[in-house]
2 protein chains.
Amino acid sequence: MPPGDVPDIVVGRLPIYLRALTHMAAAGQEITSSHELGQKLGISSAQIRKDLSHFGEFGKQGTGYRISHLMDQIKRILKVEREWEVALIGVGDLGHAVARYGGFKNRGFHISFLFDNDPAKIGSPIGELAILDSAQLQDVLVERAIKVAMIAVPASEAQKVADVCIEAGVKAILNYAPISLTVPDGVHVQHLDPVAYLQRMTYYL
Amino acid sequence: MPPGDVPDIVVGRLPIYLRALTHMAAAGQEITSSHELGQKLGISSAQIRKDLSHFGEFGKQGTGYRISHLMDQIKRILKVEREWEVALIGVGDLGHAVARYGGFKNRGFHISFLFDNDPAKIGSPIGELAILDSAQLQDVLVERAIKVAMIAVPASEAQKVADVCIEAGVKAILNYAPISLTVPDGVHVQHLDPVAYLQRMTYYL
DNA sequence: TAGATTGTTAATCGATTAACAATC
DNA sequence: TAGATTGTTAATCGATTAACAATC
């Protein structure tokens, strides 16, 4: 099935399904149903079946879904059955925490490079990685064919950093800076602005 | 306009508009139009006008929107013209970074309490706040009538912590743990799982 | 077999867009 | 005034849901 045929919003739910399935599997569960999964996530069972039907047939009538099989399939669809090398630009408090965050392991990503432009930080290690000079950013990204970057620099620098990444061939950017990045077609951005999510909830209070 | 009449997805865009307007204002700009704002955000001008029309009339034909006025109105709608006291539960690497994050200031939120269950951390300060014992969580939340919480504990504890928060009257939860929380009606949750956002992009690579 | 659950179709529901009168 | 842009209506587009035959 060609990517263009699947709505964005459906693709966006696949990681949620995968996350829930991972927890079920970790708890030793082997089989689930669209009904059970939907109840856990607050999504209708019909929607889950419809979403999955965009990509193939993964269940069995009367039984449901074998969790390990469905996980494998979703990983394949999302292209996270492999491990993507990720560059993290900006190693302040937040970037530091992201660099040490254990949650990328086994979910398709591995932070391979850290960059900062602060001379005091360049060369010092975080875990097993040394912080590289941002001046080398473009060269390293090109040479290592990095496609995925996370930006954790101040808002005032985020667009500039994004431009360099894109110029170097990066196609997916996770942006921690509280600013909307402008990118050309074919480059994907996701914004992780905690305040925006909080504001979205206070409306209802 | 009663909240029930406004689609969630519209409410979700207001913080994005507010963020973009804030940047324009910081750059000294005083007036904008739905067309300009839309272009910056990759959203159609019609959608922006339609979204805003759910809440009132904030612009002027032929001119556009006075940025400061529109910001005030959106802040009022989102209820962030005030400052919400927020409790942060879990002060590991990530929680630590969140606690030190300067980006909440002037956007409607203020971290007022830090909690952790690690005896080695309890009592030690981060900035101006001391880390409190999680055993006091429920009492403090009730006593101070806290409505907003951020959860940055390990996935295995997140649901338990959320349950305590909800029991204590919290109505909005920002969840950093990579797990889907189950909450009753009337309680709002937003999940900030960076890997889910990355996976959503790798589909297209 | 009887019960359960899938995958899919068609109907419903809701969101986005295009167009334009109103008006600054 | 002439040009620009809003707020709103109606049309279009797309997503969700309900229902059910297929089948494990």
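Chain letters run A, B, ... following the sequence lines, proteins first, then strands; residues in each count from 1.
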*More than 12 heavy atoms of other residues, nucleotides or ligands under 6.0 Å from NE2 of A:His35: is that the case?*
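Not buried by this count: 12 neighbours or fewer within 6.0 Å.
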
Using whole Å, report how far [atom1] of [X] lies from [atom2] of [N].
| X | N | atom1 | atom2 | value |
| --- | --- | --- | --- | --- |
| A:Phe55 | C:dT8 | CZ | C1' | 16 Å |
| A:Leu70 | C:dT5 | CG | P | 16 Å |
| B:Ile31 | D:dG3 | CD1 | P | 21 Å |
| A:Gln47 | C:dG14 | CD | P | 14 Å |
| A:Asp51 | D:dT17 | CG | C1' | 12 Å |
| A:Asp8 | D:dT16 | CG | C1' | 17 Å |
| B:Ile9 | C:dT17 | CD1 | C1' | 14 Å |
| B:Gln73 | D:dG7 | CD | P | 11 Å |

Taking the side chain of [X] as heavy atoms from C-beta outward, which of [options] is closest to it?
| X | options | value |
| --- | --- | --- |
| A:Lys50 | D:dT17, C:dG7, C:dT16 | D:dT17 |
| B:Ser33 | C:dG7, D:dT5, D:dG7 | D:dT5 |
| B:Pro7 | C:dA15, D:dG7, C:dG7 | C:dA15 |

*Find out whether the Lys NZ or Arg CZ of B:Lys79 is both under 6.0 angstrom from the six-membered ring centre of A:Tyr203 and within 45° of the ring's axis.*
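Judged by the rule, B:Lys79 and A:Tyr203 form a cation-pi pair.
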
_Rounded distance [0.5 Å steps], CD1 in A:Ile43 versus OG in A:Ser34_ =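 Separation between the atoms: 11.5 Å.
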
*Is there a Watson-Crick or G-U wobble partner for C:dA15 with both distances under 3.5 Å, and which nucleotide is it?*
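Its partner is D:dT12.
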
*Tell me the partner of D:dC20, counting only Watson-Crick (N1-N3 plus N6-O4 or O6-N4) or G-U wobble (N1-O2 and O6-N3) with both under 3.5 Å; none if nothing fits.*
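Pairing partner, where one exists within any strand: C:dG7.
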
*Flag side-chain contact, heavy atom, 4.5 Å: A:Ser180 against B:His23*: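 Side chain of A:Ser180 against side chain of B:His23, heavy atoms only: no contact under 4.5 Å found.
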
_Any side-chain heavy-atom pair of B:Val148 and A:Leu205 under 4.5 Å_ =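 Yes, close enough: below the 4.5 Å cut-off.
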
*asked:* For a quick check of understanding: with a heavy-atom distance under 4.0 Å over all strands, which category does B:Ser45 fall into, base, sugar-phosphate or nothing?
replied: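 Contact class for B:Ser45: none.
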
*Contact letters for nucleotides 19-24 of chain D, in which S counts primed atoms plus P, OP1 and OP2 and B counts the base, heavy atoms under 4.0 Å*: B--BBB

*Output yes when a side-chain donor or acceptor of A:Asn175 lies under 3.5 Å from a complementary backbone atom of A:Ile179, and no otherwise.*
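Checked: pair present.
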
*Is the backbone N or O of B:Phe115 less than 3.5 Å from a side-chain atom of B:Ser134, with the two atoms forming a donor-acceptor pair by type?*
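Side chain of B:Ser134 to backbone of B:Phe115: no pair is present.
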
Can you tell me if the side-chain N/O atoms of [X] get under 4.0 Å from OP1 or OP2 in [N]?
| X | N | answer |
| --- | --- | --- |
| B:Tyr65 | D:dG7 | yes |
| B:Ser34 | D:dT6 | yes |
| B:Ser44 | C:dT17 | yes |
| A:Arg13 | D:dT16 | yes |

_How close do B:Leu94 and A:Ala97 get, counting heavy atoms only, and between which atoms?_
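Taking every non-hydrogen atom into account, CA-CB, 3.9 Å.
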
